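Chain A is the first sequence line, chain B the second, and so forth, proteins listed ahead of strands; every chain is numbered from 1. Bear in mind that the values here come from a model prediction, so they are computed numbers and not experimental data. Side-chain atoms are counted along with the backbone in the values below, which use heavy atoms only and exclude waters and symmetry mates.
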There are 2 protein chains.
Amino acid sequence: MTTIKPTPVSTATLDQPARAPLAPGSVRLSQPLVERIEEEIVTRQLAPGARLDETELAQRFAVSRTPIREALIQLASAGLVELRPRRGAIVAQVTPQQLMEMFDVMAELEAHCGRLAARRSTAEEQRELLAAHEACADSSNGLDPDRYFYLNERFHQILYRMSHNAFLEDQVRHLQRRLRPYRRLQLRVRQRVSHSFLEHRSIVDAIATGNEALAADLLRSHIQIQGERFGDLMASL
Amino acid sequence: MTTIKPTPVSTATLDQPARAPLAPGSVRLSQPLVERIEEEIVTRQLAPGARLDETELAQRFAVSRTPIREALIQLASAGLVELRPRRGAIVAQVTPQQLMEMFDVMAELEAHCGRLAARRSTAEEQRELLAAHEACADSSNGLDPDRYFYLNERFHQILYRMSHNAFLEDQVRHLQRRLRPYRRLQLRVRQRVSHSFLEHRSIVDAIATGNEALAADLLRSHIQIQGERFGDLMASL
DNA sequence: TCGTCAAATCCTGTATACAAGAAGTTTGAC
DNA sequence: GTCAAACTTCTTGTATACAGGATTTGACGA
């Protein structure tokens, strides 16, 4: 796995990335509906544990039960919904334990992205990453965490692409999305935004200088902080 | 992430593991049907690129199109099937490039399992792993690769559990299943079985002595070999 | 002979109907 | 008054019907 991918040129936007054809969970089928429900789960409009009545959802979204069921199955596959046979669907309840486990895997995957990015990324991509980092500067004072959250997500997504491993990119993006509400809360912890911004700087440098081990370690720590400082996070819920 | 999980006691069998409630893709809904189709895909009865006609499948499995559709959506979420809107489903075509990418991620995840196992596993679990390794001995001469394949899978699954990270265990098991047909082929490469067996021995030792870095490195190499020596594998197709 | 266009056919996506199981309620007995 | 059992109601899981888009087939023209 040391060869450089021939065609790193991706025209995908960050909001609608060109996914690999095998992208897990990227079922392009009545996608708007899935995304609408997903949005309500991610934003906590539909709280964890809430029952997802098929008939009720069907009425609310003005469709029949069939597409609702199919959407719920997709969301269950993504881990956002729990399907209890013959007893209906509920919004998945994530325990602190599970959350820590997920952050742990996330840290490992991002670390690997960093390692591969340091090994394979082009100068052009590195400039792009730096630009994304610098774009965060204005909102790194912690006054507008939502804006920083968005730009931070952008920064990481560029990093994923730089791994030149579309499968890895897809897996880590899925996890990023799934952890979204918790990452968002995390940024409200005191000083987290400014620290995050500083850490990004070192990450950019490590990748630019091709320091694979350092890039991996920095990214692992960068993500793990969110998992370890977990008391703060749970307290803010 | 250095704390040890309090309850490592798992009564799950290897064939039907007790999955975490958030287990991605573990939608327990008409599961037999999903598994039957999955089996045909994994065993190449349904070859990559083959059209999956809903009506035809419905007739063949003696159900209506509805459960078939729901099964296909689940399989698409798992990456085994590609759903092309309004144009039907086909068995996912995995390019060598994608396969290498998947093996790369697999190597990283298994390496992390090894690291965590070295850190957290109990003496009891380590004995279990050793037993699973020793059970491979009889079929490590390469004369019965299918039997070794099964025992090898068992060995790795015990390892996953030893990470004490149910989410990681689930993710890596999914990938293991998805790469199954290719791993199977890999074992037919000359000397691979005997080498694999020897590598397991070092892995067991590294974990037993709590050497996290070594366990991770050994496992990474152990898996990467399968991805890297891919030329041999493709030639055998 | 090959390419193009059109009609017919097929298949998917969605709605709806129905049956079976789960949950909730009421009634009866102790 | 409390507990249990049976009944009612609700919800899920599956079958089926139908509409609209995709594909295929056939004919016509270059």
Side-chain angles (χ1 to χ4, degrees), chain A residues 19 21-23 25-41 45-93, chain B residues 19 21-23 25-41 45-93:
Chain A
R19 302 203 171 215
L22 79 163
S26 71
V27 185
R28 291 267 162 231
L29 181 93
S30 65
Q31 201 66 14
L33 187 57
V34 176
E35 284 174 11
R36 281 167 75 185
I37 300 176
E38 180 178 325
E39 191 61 23
E40 295 200 2
I41 293 174
Q45 284 179 265
L46 288 168
R51 284 199 83 260
L52 295 164
D53 188 286
E54 295 177 3
T55 312
E56 183 196 314
L57 287 171
Q59 285 183 345
R60 194 143 70 79
F61 290 104
V63 291
S64 78
R65 276 178 53 221
T66 310
I68 294 287
R69 278 183 67 83
E70 300 191 343
L72 290 180
I73 291 169
Q74 287 183 59
L75 290 168
S77 293
L80 285 163
V81 158
E82 189 181 340
L83 249 49
R84 305 165 305 173
R86 286 240 165 246
R87 300 185 53 231
I90 58 171
V91 178
Q93 312 219 47
Chain B
R19 302 202 171 214
L22 76 164
S26 71
V27 185
R28 290 268 163 234
L29 182 93
S30 65
Q31 201 66 15
L33 187 56
V34 176
E35 283 174 12
R36 281 167 76 186
I37 301 176
E38 181 178 324
E39 191 60 24
E40 295 201 0
I41 294 173
Q45 282 179 264
L46 289 168
R51 286 201 80 258
L52 295 164
D53 189 287
E54 294 177 3
T55 312
E56 183 196 315
L57 287 171
Q59 285 183 345
R60 194 142 70 80
F61 290 104
V63 292
S64 77
R65 276 179 52 220
T66 309
I68 293 288
R69 279 183 65 83
E70 300 191 344
L72 290 179
I73 290 169
Q74 287 182 59
L75 291 168
S77 293
L80 284 164
V81 157
E82 189 182 339
L83 249 49
R84 305 166 303 173
R86 287 235 164 250
R87 300 183 53 230
I90 57 171
V91 178
Q93 313 220 44

With the criterion being N/O to N/O and under 3.5 Å, what pairs connect the protein with nucleotides 20-24 of chain D, and how long is each?
{"residue": "D:dT23", "atom": "OP1", "partner": "B:R87", "partner atom": "NE", "Å": "2.5"}
{"residue": "D:dT23", "atom": "OP1", "partner": "B:R87", "partner atom": "NH2", "Å": "3.2"}

Atom-pair distance (CZ on A:R69; C1' on C:dG13), nearest Å: 15 Å
Salt bridge (Lys or Arg N to Asp or Glu O under 4.0 Å) partners of A:E56, counting only residues at least two apart: none
When the distance from CD1 of A:I73 to P of C:dG13 is rounded to whole Å, what number comes out? 14 Å
Closest non-hydrogen atoms of A:T55 and A:D53, given as atom of the first, atom of the second and distance, are N-OD1, 3.0 Å
Could you pull out all residues at least two apart from B:Q45 that satisfy side chain to side chain donor-acceptor pair (under 3.5 Å)? B:T43
Residue-level proximity of residues 49-65 of chain B to DNA chain D when a heavy atom falls under 4.0 Å: B:V63, B:S64, B:R65
Euclidean distance, atom CD of residue B:E70 to atom C1' of D:dG13 [Å, nearest integer]: 8 Å
Distance col, row A:L72:CG vs A:L57:CG, nearest 0.5 angstrom, shows 6.5 Å
CD1 of A:I68 versus P of D:dT11: gap in Å, rounded? 15 Å
Once rounded to the nearest 0.5 Å, what's the spacing between atom CG of B:L75 and atom CD of B:E35? 10.0 Å
Contacts of type side chain to side chain contact (heavy atoms under 4.5 Å, CB included), residue A:R87, not counting sequence neighbours: A:R84
Using five pairs at each end of the helix from C:dT1-D:dA30 to C:dC30-D:dG1 to define an axis, what is the angle between those two axes, to 10°? 10°
Output for pair (A:I68 CD1, A:L33 CG), nearest 0.5 Å, gives 4.5 Å
Nearest-0.5 Å distance that lies between atom CD in B:E38 and atom CG in B:L46: 12.0 Å
I want to confirm an ordering. Mapping A:T66 and A:G88 to their closest nucleotides on DNA chain D, which one lands closer to the 5' end? A:G88
Value in whole Å for how far the C1' atom of D:dT14 lies from CG of A:L83: 15 Å
Quick check: closest heavy atoms across A:V91 and A:A47, and the distance to 0.1 Å? CB-O, 3.3 Å
Who are the side chain to side chain donor-acceptor pair (under 3.5 Å) partners of A:E54, not counting sequence neighbours? A:R65, A:R69
If the condition is side chain to side chain donor-acceptor pair (under 3.5 Å), which residues does A:R60 pass it with, not counting sequence neighbours? A:E40
